[in-house]
2 protein chains.
Amino acid sequence: MVKDEVGDWREGRRRSAREAIVEAAWAAVRGEGLAGLTMRDLARRAGVTPPTLYAYFESKHDIYDAMFGQAAAEFTAVITAPYPTDDPREILITGARRFVEFCATDPPRYQLLFQRTIPGFEPSPESYAPAVEALASSHRRLALNGVTAPRHQDMWTALVTGLVDQQISNDPGGERWTRLVEEMVDMFLAHCAPAPRSTTRKASPRQKGTRS
Amino acid sequence: MVKDEVGDWREGRRRSAREAIVEAAWAAVRGEGLAGLTMRDLARRAGVTPPTLYAYFESKHDIYDAMFGQAAAEFTAVITAPYPTDDPREILITGARRFVEFCATDPPRYQLLFQRTIPGFEPSPESYAPAVEALASSHRRLALNGVTAPRHQDMWTALVTGLVDQQISNDPGGERWTRLVEEMVDMFLAHCAPAPRSTTRKASPRQKGTRS
DNA sequence: GTCTATAGCTGGATAGAC
DNA sequence: GTCTATCCAGCTATAGAC
C-alpha cells in the first residue's frame with residue numbers, strides 16, 4: 001500500500017495545493033455568493049493565475065464538486081458526532097440544533113449541499129453518499145422517539161429546513177429562528193410520538209424518561 | 001403625463017407591450033431558471049430584438065422589478081381572496097394551503113418573491129408593498145386562532161416555508177409536502193393556540209388525512 | 001507547475017439608420 | 001419603436017514558453 005517516497009511527497013503536495021484552492025473558493029463564495037464564483041477571482045485569491053487552477057481541477061464544476069464533497073464530509077462529521085445523552089428527545093433536539101446551526105452559519109455551503117442552484121452541476125456519487133447517510137441517521141433519531149411514519153419523517157424535514165430557510169433569509173447571522181429548535185421539537189413530538197409525553201411550554205428543563 | 005386621447009392610446013399600447021415582454025420573461029425563467037434570463041433570449045421569445053427591450057425597460061433589473069411587482073400583486077390577490085368559512089382553523093388551513101400551492105406551483109416566482117438570489121436586485125418599494133401586507137394578513141389569521149406571540153408567528157412562517165422548500169426541492173410538481181398542510185396546522189395549533197374554548201371544534205378529535 | 005497571452009464565447013447595453 | 005451592427009466587459013478554457 002506504500003508508494004515510493006517521491007510519489008507520496010508529490011501526492012501530498014498536490015493534495016495540499018488542491019485544499020488551498022478549495023479553501024480560497026469557500027472564501028470567494030462567502031464573499032460573492034455561490035454562483036458568483038469565477039476562475040479569475042479564485043485564482044487571484046489563491047495567489048496563482050487561472051491556468052494553474054486547471055492543473056488541479058478539470059473544470060469549474062470539478063471545483064464545485066470538491067467543495068461539495070468537503071462540505072458533505074463536514075456535515076456528516078457534525079451530525080454523527082457522539083451525542084452526550086441517552087434521552088431520545090435530547091438526541092433529537094441536539095441533532096436538529098446541529099443541523100440548523102451547521103446550515104445557518106454558512107449559507108453558501110447550505111446552498112451548495114441542499115439546494116441545487118448551480119446550473120448544470122450535479123455532485124458526483126462519491127461526494128453525494130455522505131448526505132444520504134446523514135438523512136438516514138436523521139430517520140434513526142426519529143425512530144428513537146417512536147416516529148417512523150414516512151409522512152412524519154417528511155414533516156420533520158420540512159420543519160427543520162423551514163427554520164434554516166427563515167434564519168438565512170430573514171435574520172442572517174442571528175438566532176431568531178435557530179433558538180426555536182427546542183420548542184419545535186416538543187411541538188413535533190407532542191403530535192407525532194406514539195406515547196405523548198408531558199411537555200412544558202417553555203424551554204425549562206424537564207424530567208427525562210417519562211416515555212419509556 | 002399626457003391626458004389627451006392620443007396620449008392615452010399610446011400609453012395603452014406601451015403598457016400592453018410591456019406586459020407582453022414580462023409574460024415572455026416568465027416563460028423564459030420557467031424554462032431556463034430565474035438567473036438564466038438573458039436579454040437576447042427574452043427578445044427572441046418576445047419576437048423583437050434586444051434593443052427594443054430597452055424602449056420599454058431601462059435595464060434587466062427593471063424587468064425583474066416588473067416581474068416582482070406582478071407576482072406580488074398575484075400573491076396578494078390569492079391570499080386575500082374571500083375565505084369561504086368563518087371557522088378560524090379552516091381559515092388558517094386555507095391560507096396556508098393557498099400560500100404553499102402558490103409558491104410550489106411556480107418555483108421561479110417563489111424564488112423571485114421570497115428568496116433574494118438575483119445579485120444586486122432589490123425590488124422597488126412600490127413592488128414590495130403588497131408582500132408586506134400579505135405577511136400582515138397572515139398574522140391576522142393567526143390571531144383569529146389566538147396566536148399572537150412573535151415567537152409563534154416565527155414558528156408559523158418557518159413551518160409553511162419549510163413545506164414549500166421541501167416540495168420544490170424534493171418533489172417538484174408533486175404534492176408530497178403540500179398535502180401535509182392540514183396536519184401541520186393541527187400540530188401547530190395544538191401547541192401554540194391558547195386553552196381551547198369549549199365551543200370549538202377542539203372537541204372533535206384530530207385525525208390524520210381527514211378533510212372537513 | 002506556473003506563467004503570459006489569447007482564443008472563443010456570451011453577456012448587457014448602445015449608436016445610428018429608418 | 002424597431003431594426004442592424006457593434007462595443008465592451010466578463011467568462012471558461014487552452015496553447016505554448018519556461
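Values in this document were obtained by computation on a predicted structure and should not be read as measured data. Throughout, protein chains are lettered first and strands after them, A, B, ... in sequence-line order, and every chain is numbered starting at 1.
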* Roughly how many Å is it from CG in Leu53(A) to P in dT4(C), rounded to a whole number? -> 13 Å
* Is the shortest side-chain N/O distance from Thr52(B) to OP1 or OP2 of dG1(D) below 4.0 Å? -> no
* Trace of the salt bridge (charged side-chain N to carboxylate O under 4.0 Å, His left out) decision for Arg141(B) with Glu90(B) -> CA-CA 10 Å; Arg141(B) 287 186 297 281; Glu90(B) 287 294 330; over 6 Å; no
* Is it true that the NZ or CZ of Arg109(A) lies under 6.0 Å from the centre of Phe75(A)'s six-membered ring and within 45 degrees of the ring axis? -> no
* Asked: Of the residues in residues 25-35 of chain A, which ones touch DNA chain D at a heavy-atom distance under 4.0 Å?
  -> none
* To do: Could you tell me the separation between the NE2 atom of His191(A) and the NE2 atom of His191(B), rounded to the nearest 0.5 Å?
  => 13.5 Å
* Contact state string [nucleotides 5-17 of chain C, B base, S sugar-phosphate only, - no protein heavy atom under 4.0 Å] -> B-----BBBBB--
* To do: Output, in order, the C-alpha distance, side-chain angles, deciding distance and verdict of salt bridge (charged side-chain N to carboxylate O under 4.0 Å, His left out) for Arg45(A) and Glu32(A).
  => CA-CA 12 Å; Arg45(A) 288 174 186 267; Glu32(A) 311 299 326; 3.5 Å; yes
* **Flag, side chain of Gln167(B) to backbone of Arg176(B), donor-acceptor distance under 3.5 Å** => yes
* Asked: Would Arg151(B) and Asp154(B) count as a salt bridge (charged side-chain N to carboxylate O under 4.0 Å, His left out) if you check the C-alpha gap in whole Å, the side-chain angles of each, and the deciding distance to 0.1 Å?
  -> CA-CA 5 Å; Arg151(B) 180 184 187 88; Asp154(B) 285 349; over 6 Å; no
* Ser124(A) backbone acceptor or donor facing Asp65(A) side chain under 3.5 Å -> yes
* Using the C1' atoms of five pairs at each end, what's the angle between the two axes of the helix from dG1(C)-dC18(D) to dC18(C)-dG1(D), to 10 degrees? -> 10°
* Asked: What do you reckon, is CZ of Phe114(A) surrounded by more than 12 foreign heavy atoms closer than 6.0 Å?
  -> yes
* **Separation of atom CZ in Phe57(A) from atom P in dT12(D), rounded to whole Å** => 14 Å
* Structure fact -> Only one of Asp186(B), Val147(B), Asn145(B), Val181(B) passes side chain to side chain contact (heavy atoms under 4.5 Å, CB included) with Leu92(B), and that residue is Asn145(B)
* Lys/Arg-Asp/Glu bridge criterion (N-O < 4.0 Å) met for Arg140(B), Glu133(B) -> yes
* Return the value, rounded to whole Å, for the distance between atom OH of Tyr56(A) and atom C1' of dT12(D). => 20 Å
